[in-house]
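To start, the structure itself, in structure tokens.
Keep in mind that what you see is a predicted model, and the values were worked out from it rather than measured. Letters A, B, ... are given to chains in the order of the sequence lines, protein chains preceding strands, and every chain is numbered from 1.
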Number of protein chains: 2
Amino acid sequence: MYLIGIIEDDVQLRKTMENYISLQQDMSLVFSCNRIEKWISIRQDAGIVPDCVLLDIGLPGISGLDAISIISSYYPGVKILVISGMEDPLIAWQAMMNGANGFLLKPFRLAEMQKQIEILKSGGTVLDPETMTGLIQTARTRFNSNGSTDRFHEFGLTQREIQVAELLVAGSSYKEISTILNVSYTTVNEHIKNIYKKVKVNSKMAFINRVSGKN
Amino acid sequence: MYLIGIIEDDVQLRKTMENYISLQQDMSLVFSCNRIEKWISIRQDAGIVPDCVLLDIGLPGISGLDAISIISSYYPGVKILVISGMEDPLIAWQAMMNGANGFLLKPFRLAEMQKQIEILKSGGTVLDPETMTGLIQTARTRFNSNGSTDRFHEFGLTQREIQVAELLVAGSSYKEISTILNVSYTTVNEHIKNIYKKVKVNSKMAFINRVSGKN
DNA sequence: ATGGGTATCCCTAGTTTAAGGGAAAATACG
DNA sequence: CGTATTTTCCCTTAAACTAGGGATACCCAT
């Protein structure tokens, strides 16, 4: 039996979810309220610890975002399925970083909700593709990683030089590059000499640091 | 018409995918090869720019991880669907941060692959629930820790070795490191020998890719 | 058709890195 | 106290990289 808790201020939706869960053979509702504050005041009376909490993020009062860490520290190991009306990548990101296990975008079908609960139950994490895209993009900017940086064109490298540069940065030796590109060792050496001149470096390390944007 | 490229070293799987894509009315294969190196050497001859590249991450030679940024800078706007045999959260994380748009865990059904391609086509991002869980956990650890200084510690490097490693990655030569740390050249050489043993690499490039790639 | 850019090839010399061997202190820990 | 770890130092060989020189051929544009 999978125990579910609900925190959702939309009365209509909450009733619908309550009803749906009650109808499931393998699920049971342990609490259902409209606000975080309400949950905080009744949680010790409710007694039973839920396996999964369906949490609306757009609540009045205490933010659902803050609620995530509150709830997961109160119920260690609980799965939190965030419900949101807005498709905001930043909110999704923050929710996931705060400990959410899934993200459900309103409006959703109850079958979809159930499916997500199932996946959470088995330790998985689910986001819809659009939210996922936004979340990954947010993560990329957060971590300043190079998503699609054109690292070589800006230095005026030729096509061939770009090929050589890519292989060099990826870790291939001159000899390996010559084999891959079907040219002699000296040709590779020649290209690299020209690359270094254009990029104004005089060693492989300097080149790597340059194209990695480290200076 | 959606144009697909394949980089996969498993001949059986590659042929299967090629065949499947050829049979789809709305897809067309623009290239198919077994290694990154091969793609780098033939890409300008292939001519047509794909909309989506199916990329095996567990390739011999240049890592598929490195390939992601190379491919996405060569084909701006391309969607990259990473195929992996291992369920490694770190790899998934790194792949997504490098610009991947989806993650497909081997073995997979071709219908599943097609579904992911469809979602990528519409700008979405897909990961299976298990990989997603690992990825989010990795992100949480990254997000909640500084994540810059302790990247060498996990390999069991000593304090001195960490100093040497940092200088090495920063671009210092053995000689420069010896001056900075006030030790002899041979001592630096010695430390680096030990570092490489611990990290299980045998060249500076491999070391750099290891420490700046997976952590 | 002359000159510039690209791409190929060769030789040579010097520097840097990689990895094998061995060895001596200092420090930490049970 | 003895043992393991850390840090230091040396020699040697092989491989890889850097950089100078020069050379041929193709394409493209002035």
Side-chain angles (χ1 to χ4, degrees), chain A residues 152-212 214-215, chain B residues 37-38 40-47 61-62 66 74 149-150 152-212:
Chain A
F152 303 111
H153 275 97
E154 57 184 302
F155 296 107
L157 301 191
T158 66
Q159 287 302 306
R160 202 51 158 171
E161 285 163 356
I162 290 174
Q163 288 180 304
V164 174
E166 286 174 347
L167 291 165
L168 189 69
V169 172
S172 306
S173 69
Y174 288 24
K175 199 177 176 184
E176 288 168 340
I177 296 174
S178 75
T179 306
I180 293 165
L181 298 182
N182 256 306
V183 294
S184 77
Y185 176 88
T186 57
T187 302
V188 174
N189 183 200
E190 180 61 26
H191 285 310
I192 290 173
K193 279 191 276 187
N194 293 329
I195 291 167
Y196 287 179
K197 264 180 202 158
K198 287 182 180 176
V199 183
K200 299 195 207 310
V201 293
N202 52 10
S203 76
K204 185 158 64 167
M205 282 308 298
F207 180 62
I208 288 169
N209 286 333
R210 175 65 56 87
V211 297
S212 312
K214 282 178 188 168
N215 61 41
Chain B
E37 292 89 335
K38 183 74 181 168
I40 289 179
S41 66
I42 60 107
R43 63 192 184 189
Q44 71 282 1
D45 304 320
I62 294 178
D66 294 326
Y74 192 78
T149 39
D150 57 340
F152 299 114
H153 206 270
E154 65 181 289
F155 296 107
L157 301 190
T158 65
Q159 286 304 305
R160 201 54 157 171
E161 284 164 357
I162 289 174
Q163 287 182 301
V164 173
E166 285 171 347
L167 290 166
L168 189 69
V169 172
S172 307
S173 69
Y174 289 23
K175 198 177 175 182
E176 289 167 340
I177 296 174
S178 74
T179 305
I180 294 166
L181 297 182
N182 258 304
V183 293
S184 78
Y185 175 89
T186 57
T187 301
V188 174
N189 184 203
E190 180 61 29
H191 284 312
I192 291 173
K193 279 193 277 187
N194 293 329
I195 291 167
Y196 287 180
K197 265 181 201 157
K198 287 182 179 176
V199 182
K200 297 195 209 310
V201 294
N202 52 8
S203 76
K204 185 158 63 168
M205 285 306 301
F207 180 62
I208 289 173
N209 284 333
R210 173 67 60 87
V211 297
S212 64

Within the structure provided, determine whether [X] and [Y] are in side-chain contact (heavy-atom separation under 4.5 Å).
X      : Y      : value
A:V188 : A:L181 : no
A:L157 : A:V199 : yes
A:F155 : A:R210 : yes
B:K204 : A:K204 : no
A:N194 : A:R160 : no
B:R43  : A:Q163 : yes

Can you name the nearest heavy-atom pair linking B:F207 to B:A165, along with the distance?
CZ-CB, 3.8 Å

Provide, to the nearest angstrom, the distance between the [atom1] atom belonging to [X] and the [atom2] atom belonging to [N].
X      : N     : atom1 : atom2 : result
A:E161 : C:dT6 : CD    : C1'   : 8 Å
A:R160 : C:dC9 : CZ    : C1'   : 13 Å
A:Q159 : C:dG5 : CD    : P     : 17 Å

How would you label the contact of B:S184 with the nucleic acid (heavy atoms, under 4.0 Å): base, sugar-phosphate, or nothing?
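Sugar-phosphate contact only.
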
So what does A:T158 touch, heavy atoms closer than 4.0 Å: a base, only the sugar-phosphate, or nothing?
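Contact class for A:T158: sugar-phosphate only.
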
More than 12 heavy atoms from other groups under 6.0 Å of NZ on B:K38
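Open.
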
Between A:H191 and C:dT8, does any side-chain N or O lie under 4.0 Å from OP1 or OP2?
yes

Run the salt-bridge test on B:K197 and B:E161 with the 4.0 Å N-O cut-off and return the result as yes or no.
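B:E161 and B:K197: not salt-bridged.
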
Going 5' to 3' along DNA chain D, which nucleotides are the first and last within contact of chain A (any atom under 4.0 Å from a heavy atom)?
D:dC17 to D:dG22

Need to verify one output field. Residue with the more 5' nearest nucleotide on DNA chain D, B:K198 or B:T187?
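In this pair, the answer is B:K198.
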
Walk along nucleotides 13-30 of chain C from 5' to 3' and tag each nucleotide B, S or - by protein heavy-atom contact under 4.0 Å, base first, then sugar-phosphate.
----BSBBBB--------

Computed from five pairs at either end and rounded to 10 degrees, the angle between the axes of the helix from C:dA1-D:dT30 to C:dG30-D:dC1 is 40°

